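Everything on this sheet refers to the single structure shown next.
Below, chain A is the first sequence line, B the second, and so on; all start at residue 1. Please read these numbers as outputs of a predicted model, since none were measured by experiment.
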Protein chains: 2
Amino acid sequence: MKSNKEVKHYDVSRYRTPDGYTSDIAVFTITSERTKAYAPPKMELKLMLIKRADYDTEGNPNIEAGKWALPGGFVTPEETAQEAASRELSEETGIDGIPVKHFGVYDQPERDPRGWIISNAHYAIVPEHQLFSRKANDDAADVELFSVEELEWNQLAFDHSAIICDAIAHISRDLLQTTVAKQFLPESFTYSELQAVLLTITDDKAIRNEQAFARKIKSLPFIEAVEGQKTQRTSKLPTQLYRFVETDIKQSIYTARH
Amino acid sequence: MKSNKEVKHYDVSRYRTPDGYTSDIAVFTITSERTKAYAPPKMELKLMLIKRADYDTEGNPNIEAGKWALPGGFVTPEETAQEAASRELSEETGIDGIPVKHFGVYDQPERDPRGWIISNAHYAIVPEHQLFSRKANDDAADVELFSVEELEWNQLAFDHSAIICDAIAHISRDLLQTTVAKQFLPESFTYSELQAVLLTITDDKAIRNEQAFARKIKSLPFIEAVEGQKTQRTSKLPTQLYRFVETDIKQSIYTARH
DNA sequence: CCTTTTAATTAACAATATGTTAAATGTTAA
DNA sequence: TTAACATTTAACATATTGTTAATTAAAAGG
């Protein structure tokens, strides 16, 4: 009822409107460290943050200067926040064609001292090597990768600690419940590589167990073996490669094992 | 709330800002029809929509008049969109204390002909009897429940067909992967009542199978039997009651059955 | 050339879970 | 007394998982 009437009478000048609409993006990557040859890598989930400059381009002291923040910026009326996030990602890292996923809106009245600014938050998964090539090209000192295990929670700008906390929760859930793990992996991968990705965010016994996981991967409807292809990058023994296949997954807590 | 000095550095006039920030809410309920005494109910998932009036209070033809729309309204600078959604729900149905869940943002530039208006979309689950009591009190002719199976997709205002489509997808997923089903059920319920709720949005064989589901419910870590309590509302045979318990569920597509 | 090392793979078996069919239970209503 | 019926239990074949152990293939070092 109220909605109808409000809409009916809606006159922009009569209501206060937001002072800004921003799009923030949590860029995740997994760094993959090979401890020795012919062994599976040790992986770690990392988040890219940028350091806020001391002064803005006009020489005025910047708000929240020196703190770490998610990359992001204002959305223009000609684009969606998701498009803005893709644009930001491209500007910040030079990377295009990566899926960007919305995970929340942050609109607490006091969240930004500059006014009523609504933030639409996204996350993206960028393969490590693409971030490295960017770092090499444009040696911006104000960009850094932080391990999600050891984030400096009290050095974050605005309400970004809350946003990042949610981002980590969302990516963790999505890694286990969707096939986004493929964003971290090459087109074809071994069971131990997939396992290493999952172990960055879970310590599930059934995933840690090599034999069980290697057996299980063969029966998953959304993964298939790449016939006749083997690799030796994780073992001296030539190892079976797998790939994700498009399948819609409908699982339920009422039928799953617990 | 903001100091002048800080405001100076962010010049609102330089950027175009949104013309409005709205909060929409998809109110779901499950209607429960008892075909006969001592039998489990037939349930159906329904969505509450409101009909947009032909004219506004000043006699001007209303935009998108006669079409069905989600209840919602403008968010004020003193509240979050989620608070606005709770407020709307309370105003629209008189119901308080129901969890309201964000599921998406709709910010296509062309989505609202009145300007650059960003909609933050939520869903809520209201027990049937609460909606009925509201209907009795305030006989608003412009409110109706629609079965999600037979929605009139081409009679929906603005981009609400897209929002509703997403809302149904989200609630379906959440019903299977979280314990929100409890919002549709009394504090304690029989296996067949829970089953009926789930069957409104899935036809999973393992959920349809009475024996299997009745056996499974006993081993679910997030459900416990209510000791010494039985009911006869679904059977002549006194039937075991169950309740949800708070447990964090961490399941993975890599360990579940498929 | 032989031995050790190591990740991957296979095997084997007990324990657990599921799909299915059938029977038993307790109550209502005719 | 009997029929009806949702629920509950039983029973059993089949499938999946946890666990331990053995096997395989290649590399590396002597």
Would you say a side-chain N or O of [X] is under 4.0 Å from OP1 or OP2 of [N]?
X: A/Tyr191; N: C/dA8; value: yes
X: A/Thr234; N: C/dA8; value: yes
X: A/Lys218; N: C/dT10; value: yes
X: A/Ser192; N: C/dA8; value: yes
X: A/Lys216; N: D/dT17; value: yes

Salt bridge (Lys or Arg N to Asp or Glu O under 4.0 Å) between B/Arg87 and B/Glu83, worked out
CA-CA 6 Å; B/Arg87 177 172 55 72; B/Glu83 287 160 0; over 6 Å; no
Which of C/dA8, C/dT28, C/dT20 is nearest the side chain of B/Lys236? It is C/dT28
Checking C/dA22, D/dT19, C/dG19 against the side chain of A/Lys205 (C-beta onward), the nearest is D/dT19
Using the rule given for salt bridge (Lys or Arg N to Asp or Glu O under 4.0 Å), can you reason through A/Lys51 versus A/Glu144, listing the C-alpha separation, both sets of side-chain angles and the distance that settles it, and then say yes or no?
CA-CA 8 Å; A/Lys51 195 174 202 167; A/Glu144 214 157 287; over 6 Å; no
Give a yes or no answer on whether the side chain of B/Arg233 reaches the backbone of B/Ala39 with a donor-acceptor pair at less than 3.5 Å.
no
Assign each of B/Ala256 and B/Leu237 to its nearest nucleotide of DNA chain D by heavy atoms, then name whichever residue's nucleotide is nearer the 5' end.
B/Leu237
When you check the gap from the basic side-chain N to the acidic O, do B/Lys182 and B/Glu187 get nearer than 4.0 Å?
no
